[in-house]
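Take a look at the structure below.
No hydrogens, no waters, no symmetry mates; every other heavy atom, side chains included, goes into these values.
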Amino acid sequence: MTPTTYLSPAVRMPRSALALKAASIFWFITVVIGQSLFVAYILSLYGGPTVTGHFEGWSRNTGLFNGYVAGDFTGNAMFGAHMMGAALITLGGTLQLIPQIRTHARTFHRWNGRVYMVTACVMALGGLYLVWVRGGYFHIPGALAISLNAVLILAFAFLTLKHAIARNIAVHQRWALRLFIVVSGVWFIRVGLMGWIIINQGPVGMTSNMDGWFDYFWVVGSYLLPLAILELYLRARATGSALHKYAVAGLVTLATLVMAVGIFGAYMFMWKAYLWP
Ligand code: HEM
């Protein structure tokens, strides 16, 4: 028995692995703060009108494509379900990633996971309805990009469930992380746009119709870039050398700092006015 046997796993971890773990914790805490603000905004703006049946109140958000449309029962129901699902899935997703809940509250983790996956599929299919039936898009490339996001949500939900049922827990966890990223795509869009504006001190490559070069890039980059960073993280964690782990820890930290700037911008310029009217 070596002297290190008595130490806790965290202390025995090589420094490079600790750096990667610290970066992932920093990322997760920042995401929790940013997504909690998004949930608060959703509930504050859409919760009251949805629960009380005063659907015309949705249109307080003047940036919507449609929101409430008099006489469009199906469309309004789809929009209301989309808003309540948005709050549920954003809250539920962060709870799924907390290791202590996974270990000590397994029943909750399983049920929350089932609700999360069903909600993800409802959001993806309902979102496709809002885009293609209700015309909720600026332009066809944007509509196709968010539709690809919806298809990835459906595919990753299927793979997450398949590996959970097969008890391939390590593979299940990797697909669950990918699912979390694509479900968070609409959040990354908002946070990324605001971060970009603040860092550049203005809307470089952006227009009010979302057809600037950065708008085109970010409508797919909002989920493909975080997915790429996640893959680098998973590879570094599983098989990376010390240098590889340090490099990815640095990348995750940098991306998180940019994300924090974006969260600040989204809170100040998109959400705050509805949270503290
Ligand atoms: C799964 C995670 C998703 C969340 C959390 C989410 C959240 C939201 C929120 C909060 C809004 C209201 C706009 C605002 O106040 O900022 C919204 C609107 C909208 N969402 Fe989603 N969404 C998700 C997925 C999707 C997907 C996958 C699509 C398309 C395939 C989609 C299509 C739309 C459309 C078209 C609107 C605008 C409706 C209108 O303006 O009338 N959403 N979403």
Does atom CH2 of Trp213 have more than 12 heavy-atom neighbours, drawn from other residues, nucleotides or ligands, at distances under 6.0 Å?
yes
Trace of the side chain to side chain contact (heavy atoms under 4.5 Å, CB included) decision for Asn200 with Phe214:
CA-CA 12 Å; Asn200 289 295; Phe214 183 76; over 6 Å; no
Within the structure provided, determine whether Met194 and Tyr267 are in side-chain contact (heavy-atom separation under 4.5 Å).
no
Closest contact, heavy atoms only, Thr94 versus Phe28:
O-CZ, 3.5 Å
Polar side-chain atom of Ser241 near backbone of His244 as donor-acceptor pair, under 3.5 Å
yes
Of all heavy-atom pairs linking Tyr116 and Leu179, the shortest is CE2-CD2, 3.8 Å
Spell out, as yes or no, whether a donor-acceptor pair under 3.5 Å connects the side chain of Arg102 to the backbone of Leu97.
yes
Flag side-chain contact, heavy atom, 4.5 Å: Ile146 against Val219
no
Looking at every heavy atom in both Ala86 and Ile42, which two are closest together, and how far apart are they?
CB-CD1, 3.8 Å
Flag, side chain of Trp218 to backbone of Phe188, donor-acceptor distance under 3.5 Å
yes
Are there more than 12 heavy atoms of other residues, nucleotides or ligands under 6.0 Å from atom CZ of Arg114?
yes
Hey, any chance Trp187 and Leu91 share a hydrophobic cluster, counting ILVMFWY side chains that come within less than 4.5 Å of each other, even indirectly?
no
Side-chain heavy atoms of Val186 within contact of Arg190, under 4.5 Å
yes
For the CG atom of Leu95 and the OG1 atom of Thr90, what is their distance to the nearest 0.5 Å?
11.0 Å
Verify the cluster assignment for Leu161 and Phe158: are they in a single hydrophobic cluster under the rule of side-chain heavy atoms below 4.5 Å apart?
yes
Any side-chain donor-acceptor pair under 3.5 Å between Arg134 and Asn76?
yes
Could you check whether the rings of Tyr137 and Trp132 sit parallel, tilted or perpendicular, using 30° and 60° as the cut-offs?
tilted
Cluster question for you: counting only ILVMFWY and a side-chain heavy-atom cut-off of under 4.5 Å, with indirect links fine, are Tyr41 and Ile197 together?
yes
Sub-3.5 Å donor-acceptor pair from the side chain of Thr160 to the main-chain atoms of Trp175, do we have one?
yes
Are Leu144 and Met210 connected, step by step, through hydrophobic side chains (Ile, Leu, Val, Met, Phe, Trp, Tyr) whose heavy atoms are closer than 4.5 Å?
no
If you look at every heavy atom in Ile199 and Val261, which pair is closest and at what distance?
CG1-CG1, 4.4 Å
Ring-plane angle category for Trp58 and Phe79, please: parallel below 30°, perpendicular beyond 60°, tilted otherwise.
tilted
List the steps, then state whether ring-ring contact (aromatic ring centres under 6.0 Å, His included) holds for Phe138 with Phe65.
CA-CA 9 Å; Phe138 284 102; Phe65 292 108; 5.0 Å; yes
Using 30° and 60° as the class limits, which term best fits the ring planes of Tyr216 and His139: parallel, tilted or perpendicular?
tilted
In one Ile/Leu/Val/Met/Phe/Trp/Tyr side-chain cluster, 4.5 Å: Leu251, Leu243:
no
Here the pair of heavy atoms bringing Val131 nearest to Ala143 is CG1-CB, 3.7 Å
